[in-house]
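Read the structure below first, then the notes.
We name chains A, B, ... by the order of the sequence lines, and we start the count at 1 in each one.
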Amino acid sequence: MDRDTRMRRIWETIQDIPRGTVANYGQVAEIAGIPRGARQVAYALRHAPAGLGLPWHRVIRSSGKSAFDPNSRHFRMQRDRLIEEGVAVINGKVDMKKYRWEPQLDELLWKPSSSWDES
DNA sequence: CCATTGACCGGCT
DNA sequence: TAGCCGGCCAATG
């Protein structure tokens with residue numbers, strides 16, 4: 001799988017994260033068909049065209065914390081957007097047990113074959 | 001080709 | 001709970 005295909009799958013997966021829920025990097029990678037690709041998700045997110053309008057704020061670390069520096073503009077934007085969606089952020093942390101995206105099988109299969117074939 | 005980097009992760013102290 | 005640490009893996013230098 002080449003770089004563009006990987007990034008495309010990652011972006012598509014992130015688009016699927018429902019409002020009011022969050023997903024961690026490793027989870028996005030796995031659903032995108034890239035096991036152990038957490039760092040690739042970070043890369044794809046870093047290089048995503050702004051025009052895609054990805055809900056990037058719904059992607060956080062497995063620890064429940066933002067990947068950004070607490071003093072950064074990104075951190076505040078992420079926190080504010082999550083709160084606006086109804087996701088509780090207590091002491092900079094999200095309760096993963098409660099808000100983690102739990103996609104059902106049919107949610108993963110509605111996509112076109114291009115997203116689940118291998119090679 | 002080898003070394004470093006990074007919006008990461010999970011186990012262990 | 002908070003770090004530290006080794007593992008991870010594509011992109012960069």
Quiz item: Between the main-chain N or O of A/A44 and the side-chain N or O of A/W11, is there a donor-acceptor pair closer than 3.5 Å?
Solution: yes

Exercise. List the protein contact pattern of nucleotides 4-13 of chain C with one symbol per nucleotide (5' to 3'): B for base contact, S for sugar-phosphate-only contact, - for none; contact means a heavy-atom distance under 4.0 Å.
Key: ---BBBSSS-

Self-check item: Atom pair CZ/CD1 of A/R39 and A/I34 - distance to nearest 0.5 Å
Solution: 15.0 Å

Quiz prompt | Check against side-chain contact (heavy atoms from CB on, under 4.5 Å), A/W101 and A/I31 | solution = CA-CA 11 Å; A/W101 175 34; A/I31 293 174; 3.7 Å; yes

Quiz item: Counting N and O atoms only, with roles assigned by atom type, does the side chain of A/Q27 sit under 3.5 Å from a partner on the main chain of A/V59, one being a donor and the other an acceptor?
Solution: no

Quiz item: If you walk 5' to 3' along DNA chain B, what is the first nucleotide with an atom under 4.0 Å of a heavy atom in chain A, and what is the last?
Solution: B/dG6 to B/dG10

Quiz item: So what does A/R46 touch, heavy atoms closer than 4.0 Å: a base, only the sugar-phosphate, or nothing?
Solution: base

Exercise. For A/E85 and A/R81, run salt bridge (charged side-chain N to carboxylate O under 4.0 Å, His left out): C-alpha distance rounded to whole Å, both residues' side-chain angles, the deciding distance at 0.1 Å, then the answer.
Key: CA-CA 6 Å; A/E85 296 187 354; A/R81 285 190 178 184; over 6 Å; no

Practice problem: Evaluate side-chain contact (heavy atoms from CB on, under 4.5 Å) for A/Y43 paired with A/I10, printing each intermediate quantity in order. | Solution: CA-CA 10 Å; A/Y43 178 89; A/I10 289 171; over 6 Å; no

Quiz prompt | Spatial distance of atom CG (A/L45) from atom CG (A/L54) [nearest 0.5 Å] | solution = 6.5 Å

Practice problem: Apply side-chain contact (heavy atoms from CB on, under 4.5 Å) to A/Q78 and A/V89, showing your working. | Solution: CA-CA 10 Å; A/Q78 182 164 44; A/V89 181; over 6 Å; no

Quiz item: Counting only N and O atoms by type, is there a donor-acceptor contact under 3.5 Å from the side chain of A/R61 to the main-chain atoms of A/N24?
Solution: no

Self-check item: Within residues 67-81 of chain A: residues closer than 4.0 Å to DNA chain B (heavy atoms)
Solution: A/A67, A/F68

Self-check item: Nearest-0.5 Å distance that lies between atom NE2 in A/H57 and atom CZ in A/R19
Solution: 7.5 Å

